[in-house]
Trainee: 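Following this message is one structure expressed as structure tokens.
The analysis underlying the following values was restricted to heavy atoms, covering all of them including side chains, and did not include hydrogens, waters or symmetry mates. Letters A, B, ... are given to chains in the order of the sequence lines, protein chains preceding strands, and every chain is numbered from 1.
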Amino acid sequence: MDYVLPSGDKLSLAHGATGADAAAAIGAGLARAALAIKVDGVTYDLSRELPTDGEGKIEIITEKSGGEALELIRHDAAHVFAAAMLELYPGVKISIGPPIEHGFYYDVEMPAGPALSDADFPAIEAKMREHINADETFLREDVSVGEALERFVRENQDYKVELIEDLVKNAPADAPVTSVSLYTNGPFTDLCRGPHAPSTKRIKAFKLQSVAGAYWRGDSDRQMLTRVYGTAFFSKAALEEYLERLERARANDHRRLGPLLGMFGFSETAPGSAFWFPRGAEVFNELVRLSREMGRPRGYSEVKTPQLFDSSLWKTSGHWDKYRDDMFVTEAEDRQFALKPMNCPGHCQLYTLQKHSYRDLPVRYSEPGLLHRNEASGTLHGLLRVRHFAQDDGHIFCTEDQIQDEVAGVLEFAFATYKLFGLDVKLELSTRPDKRIGSDEMWDRSEAALKNALDSHGLDYTINEGDGAFYGPKIDIHMTDSLGRSWQLGTCQLDYNFPERFGLTYTGADNQDHQPVMIHRALMGSYERFIGILLEHFGGELPVWLAPTQAIVLPIADRHNDFAQSIADQLSDAGARVESDDRTESVSRKIRDAELRKIPFMLVVGDREQASGEVGVREHRQGDVGSASVAAFTERLTGLIESRSLA
RNA sequence: GCCGACGUAGCUCAGCUGGUAGAGCACUUCACUCGUAAUGAAGGGGUCCCCGGUUCGACUCCGGGCGUCGGCUCCA
């Protein structure tokens, strides 16, 4: 049959030819470099017979193919890891070991005895190296389900047995699963879909990185397995570069930057809750101010609602049933109260305290409310996952006709906000979860409305099945931290449930009561998480308007301290966050300290400046940019602040 | 919450097979008064996370808590 190469050239191969034959037919060098072959977008082992039923577009995968090639050897490395584990820990049960974005993992159940720790890595790596040096061929064979089951039952590999049984059970009726593929390298055989590189020798550099627990099948009600993460590359240099990049990313960790910039800290006396120092609190408030300024012209009015509510409110909202584990509950005078984990029930209650006409709608409430959520201890993570936080929260009460416009308005508001920070975001539509309130019909309507809003704006999004809030579906807005972990920031949730449960009404033009629809929305999400993400995004070099200290005056000698202070005062009066470094230290020292604190502007003042009334301006990372009059510099600084410039 | 690791001065970290602690930076004082990334010297500072246990004696060993870190589950 004729195949087509990426160049467009044709390649004729005999029936039954393999990927290796194809590579050899193209060239001897390529045959040596080949790892796998892609036919019509599907990757095959080199040893497999090429399919003859498609268009026949083929591409040989080599080291140079990038991610796909790395995926192959990382998957190979996972097999080599499992092989090493079986030899070193007899009785270990292996489950799954896929390649992932930057490496691979393998989940195993350790035999009774001491737990696996990273101290065991050197021995495992040594054993893995033996398999790699032995240049073991990956041999694929297709066997019947019965034969495979018999094999894994005999080997006591329960997880493999379960995987095969599920494969059979979940197969569509018109394509029943009767056989599965096994891959063998050296003494080790694994149930695996493939594909793999030709042999273990293609793994040129690898490293085991960490151990963690992971639930079998991601289900917290099932067995906790031991997961080992590792990675593999085509060269030692590439591996080292990757490890160095990880190390550098740590420098942008907000948990390191926050204390360095004098913004916040943590204490064991309040796990999962940040303590904000003055400069950090100012940055925080700057963002609250932003939210207010942007919300006002968009029709939001700020409200204030209580922290602590009687349990009856949470019973009405459904939190008592669906969310209680995450709430801090307390008692007084034989009544049960709970701290609010969300603002919505309070806003609903607020809504009911007044009578509403259709003429008032939409009503848009905002509140940077303080929330408490009793998050599981193991999930806390710096500012990105805390127990005490404030959201840039808002709730819109509107008629059904207004939904499209309101959701569009929320999206516009969100993108206008992110633009200020130059953030790239990822949208997700999260649909009905198992644990929910409300009828399926309500959920159908809500999901359709959100999907419609996204589609009509031509926005890209992925669907996150089952991840909606218990009261409604949501559009979630995600960003990644310095290590590439994804965090949810903004959200826009459509809700028919709370209005019904709280009996919300408005009087229509027909003088009858009608039920409004509610939209829950947060754009930055929580201020805490948003600040954490911003710090990592900017590597601590926040835009001038957000920098905890925007300028620092550096007197050259002690006799310039008063002059320096007067400049700091002038800038401070103009609305900037300024300090004066009057320590008895050398200028070099003051500059070094200010640079390390990533302060955008350093103003050096000595005899010359004192005589001329100027300041010597030094910009963070740029160095000396020449002198300027105090007035000119003040104008420049306040300009940057007021315009919220990204520069 | 679950799995693993870790927890020594404000910070970053040493501390040998159990004999009650040490460095650098920071801080204080003194001298120097300095022109674009660390001036020098002296000094202060620690219930070695907490509670039990073993021991003549525990920072060190054992048990239980708490917290942090990396994951899992969950989530803004």
Trainee: Taking protein heavy atoms under 4.0 Å as touching, what does nucleotides 34-44 of chain B look like 5' to 3' if B marks base contact, S marks sugar-phosphate-only contact and - marks none?
Mentor: BBBBBB-----
Trainee: Just to be sure I understand the rule, does A:Ala115 reach a base, reach only the sugar-phosphate, or reach nothing, if contact means heavy atoms closer than 4.0 Å?
Mentor: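 If one applies the 4.0 Å heavy-atom cut-off, A:Ala115 turns out to touch the sugar-phosphate alone, with no base involved.
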Trainee: Output the rounded distance in Å from CZ (A:Phe275) to P (B:rG10).
Mentor: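 The distance from CZ of A:Phe275 to P of B:rG10 comes to 16 Å, rounded to the nearest Å.
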Trainee: Measure from the ring center of A:Tyr242 to the ring center of A:His102 and say whether it is less than 6.0 Å.
Mentor: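 Under 6.0 Å, so yes.
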Trainee: What string of B, S and - do you get for nucleotides 62-76 of chain B, 5' to 3', when a contact is any protein heavy atom under 4.0 Å?
Mentor: -----SSSBBBBBBB
Trainee: Sort out the partner of B:rG63 for me: Watson-Crick or G-U wobble, both distances under 3.5 Å, none otherwise.
Mentor: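 By the stated definition (distances under 3.5 Å), B:rC51 pairs with B:rG63.
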Trainee: With both distances under 3.5 Å as the test, what is the Watson-Crick or G-U wobble partner of B:rC25?
Mentor: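 In the structure as shown, B:rC25 has B:rG10 as its Watson-Crick or wobble partner.
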Trainee: Verify the ring-centre separation between A:Phe81 and A:Tyr105: is it less than 6.0 angstrom?
Mentor: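 No; A:Phe81 has its ring centre 6.0 Å or more from that of A:Tyr105.
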Trainee: Name the pairing partner of B:rC75, where a pair is Watson-Crick or G-U wobble with both distances under 3.5 Å, or state none.
Mentor: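 Base partner found: none.
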Trainee: Aromatic contact between A:His395 and A:Phe498, with the criterion being ring centroids under 6.0 Å apart: yes or no?
Mentor: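 For A:His395 and A:Phe498, the ring centres are not under 6.0 Å apart.
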Trainee: Between C1' on B:rU12 and CG on A:Leu260, what's the gap in Å once rounded to a whole number?
Mentor: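 Rounded to whole Å, this separation is 13 Å.
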Trainee: Mind checking whether A:Ile475 and A:Val407 have side chains closer than 4.5 Å, heavy atoms only?
Mentor: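 Yes - at least one pair of side-chain heavy atoms lies under 4.5 Å apart.
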Trainee: Is the NZ or CZ atom of A:Arg74 both under 6.0 Å from the centre of the six-membered ring of A:Phe233 and within 45° of that ring's axis?
Mentor: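 The answer is yes; both the distance and angle limits are met.
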